[in-house]
Structures are given as structure tokens and as C-alpha cells.
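Structure first, then comments.
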2 protein chains.
Amino acid sequence: MYMANPSFMNGVPELLILRTLDTGEMYGYELVQAIRARTNQAIRLGEGVVYPALHALEREGMLKSRRKLVNGRTRVYYALTRKGEKHLAGLVRHWQHITDAIGLAIGGTAHAAAML
Amino acid sequence: MYMANPSFMNGVPELLILRTLDTGEMYGYELVQAIRARTNQAIRLGEGVVYPALHALEREGMLKSRRKLVNGRTRVYYALTRKGEKHLAGLVRHWQHITDAIGLAIGGTAHAAAML
DNA sequence: AGCAAATACCTCTTGCAACAAGGTATATAT
DNA sequence: ATATATACCTTGTTGCAAGAGGTATTTGCT
């Protein structure tokens, strides 16, 4: 029987979303641009990634939302729950662990890579 | 019309494989263990990931292979081509670029994450 | 001698994350 | 008027990575 495991590289959008919301309450559209800004435009998550992720994270109790009417437009603000903060801390640790490991593998004894 | 783009996070196994082969010719089974060793067991790519990747990379001209009979067992040794070396250099640059960006996003002004 | 584990190669099927595209609606700027 | 920006959303596609399993030889254990 085949039991799939998530790739060790998955969940980076989730990490970026939670980490960005950890700087303060934000709504989806704002989040999309904030992530671009925070990564110097290097990472550009689209709305098709962010909105479904927000809904899933709220369903899992990592986020809580409140609707707010601003200028006739409805905004849905998301904030971290205690659970979300703990989860974020774990994600950050995991990310650091694997990037350290990859950095180690990349940085080791080199041939062609030595002359970068 | 839907035209898929690879996720910005994909291709890490490819990077690890090429980078490890850049330390010298290696065969598949050896590579699997070498990657574990080089990452302090943090990343454990299985044969179901490595072998198909090796075949694809050879098809794309990134690797060249030669068969060798050792102790009655057949080993297929893979080595980087010039093209593979250039490709690797690009992958390393790209990896550094996005991990720098994520590090920036993670490291920025924090609330809960500040107390790690 | 017999059996398990290690060595060494391989393919098949599946799950899911991330993505592009497109849809609705209001406000603002030209 | 018309386009762009704001603000929300869902749907369908694709391909990566993973697990599982298959073949065969050799080595180590008892």
C-alpha cells in the first residue's frame, strides 16, 4: 500500500504567510504584496496560493479572521492564534534545519562550484 | 489556456544530486547514501527519487554515464558534463537567491518569532 | 547449508502543493 | 467612459517527490 509523505520542501508558502502575519494582522490582498516586499520581489505568491492557504490555516485553528468594511470594500483580516504561533516556531526551526543541511551539502568539498 | 510553472521550491533533489556528483563520479546507490551523509541525515532522498532524476539529467545532457562491473555487480557511474556544471552553478545561485529572500522575510521585524 | 541483510539496479502509481486562469464586484484615476 | 487598482474567491492542471515493490548478486551470520 502506497502512503504518500509530503516533500521535505513543501510548506514554504505556509511559512511565509504565518511569518508575515506574525508582524501584525493583515488581509489577503495585503498579504500577497507584503510577502513580495519582504522577500525583495524574489518570491511572488499569487492569490491562488494565498487565499486557499488562509482558509486551510483558519480551518486548522492557526488563524482567526474578522471581516471589516473599509471604503465600501470588504476586507478579511487574519491574525495568528496561539496555536498558529507555536506552529510557526516549529516551521521556522524545520526550515532552518533543512537549509543548514543543504548549505552544508552545497558548501562541502567542491570542484566546479569552488570557482563561484 | 493553462500553462503550468514549476514551484519556486522544486528542483532541490536535482541540486543535491548534481552538487554531490560535482565532488566526483559516483553511482546511484552510492549517491543516495552520500547525500544522506552530506546533509547529516537531514535529507534522505530515496532511490525512487534519485534514479529517475539521474535518467532525466542524462537525457538532458547534464550527466554522462559509464557502466562498470565490480564484484559481479553492475554499477552505473555518473559524471557531470560541462553543461551539467553550468546548470549546477545556476541552480546554486538560484537556491541562494531564494533562501536569502526567505531568510530576510523570516528575520525581519518579529513578534512571537523574536523570542527564539 | 540456509537465511537475512546489504548492494545495486529499476519502474509504477499516487498524492498533493503550487500554480495560472478566470470570475465577481467596488473604487479610483485618466 | 474606460482602465487600473483593490479585494475577495474557485477551478483545473501539472509535475515533483515519495512510497512501494520488483529483480538479482554478494556478503555476513548462525
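Just so you know, these numbers come straight off a predicted model, no measurement behind them.
Between B/M3 atom CE and D/dT14 atom C1' there is a gap of 9 Å when expressed in whole angstrom units. Between the CZ atom of B/R73 and the P atom of C/dA6 there is a distance of 13 Å, given to the nearest Å. Between the CG atom of B/L45 and the C1' atom of D/dC16 there is a distance of 12 Å, given to the nearest Å. In this structure, A/I17 atom CD1 and C/dC19 atom C1' are separated by 13 Å, rounded to whole Å. Rounded to whole Å, atom C1' of C/dT7 lies 8 Å from atom OH of B/Y27. Residue B/R75 contributes atom CZ, which lies 8 Å from atom P of C/dC9 at whole-angstrom precision. For the pair A/N71 CG and C/dT28 P, the computed distance is 6 Å after rounding to whole Å. Residue A/I43 contributes atom CD1, which lies 13 Å from atom C1' of C/dA18 at whole-angstrom precision.
Ring pair B/Y27/B/Y77 is perpendicular by interplanar angle, where above 60° counts as perpendicular and below 30° as parallel.
Of the two residues contacting DNA chain C, namely A/G46 and B/G48, the nearest-nucleotide position lying further toward the 5' end is that of B/G48. Mapped onto DNA chain D by nearest heavy atom, B/P6 and B/G72 fall at different nucleotides, with B/P6 at the one closer to the 5' end. Residue order along DNA chain C, read from the 5' end via each residue's closest nucleotide, puts B/L54 first among B/L54 and A/N10. Place A/A4 and A/V49 on DNA chain D by their nearest nucleotides, and A/V49 ends up nearer the 5' end.
Between B/Y29 and C/dT7 there is a side-chain N or O to OP1 or OP2 distance below 4.0 Å. Between B/Q33 and C/dA8 there is no side-chain polar atom (N or O) within less than 4.0 angstrom of OP1 or OP2. Here B/N5 reaches the OP1 or OP2 of C/dA20: one of its side-chain N or O atoms lies under 4.0 Å away. Residue B/H55 has no polar side-chain atom (N or O) positioned under 4.0 Å from OP1 or OP2 of C/dC9. The phosphate of C/dC9 (OP1 or OP2) has a side-chain N or O of B/Y51 nearer than 4.0 angstrom.
Under 3.5 Å, the side chains of B/H87 and B/E60 contain no donor-acceptor pair of N or O atoms.
For B/Y2 against C/dC19, a side-chain N or O and a base N or O form a donor-acceptor pair under 3.5 Å.
Residue-level contact check: A/G28 touches the backbone only, with heavy atoms under 4.0 Å from sugar-phosphate atoms and none from bases. Contact annotation for A/V12: backbone-only contact, meaning every heavy-atom pair under 4.0 Å involves sugar-phosphate atoms and none involves a base. Here B/M1 lies in heavy-atom contact (under 4.0 Å) with sugar-phosphate atoms only. When heavy atoms are screened at a 4.0 angstrom cut-off, B/E30 is found touching no nucleic acid atom at all.
Taking each heavy atom of B/A105 and A/R19 in turn, the nearest pair found is O-CG, 3.8 Å.
Side-chain contact between A/V12 and B/I98 is absent, with no heavy atoms from C-beta onward closer than 4.5 Å.
Side chain of A/T81 to backbone of A/M62: a donor-acceptor contact under 3.5 angstrom is found.
Checking D/dC9, D/dT10, C/dA18 against the side-chain heavy atoms of A/P52 singles out D/dT10 as nearest. Distances were taken from every side-chain heavy atom of A/F8 (C-beta onward) to each of C/dA8, D/dT6, D/dA18; the shortest belongs to D/dA18.
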Next on the checklist: side-chain contact (heavy atoms from CB on, under 4.5 Å) for A/V32 and A/L45? Distances and angles first, verdict last.
Outcome noted: CA-CA 6 Å; A/V32 169; A/L45 299 184; 6.0 Å; no
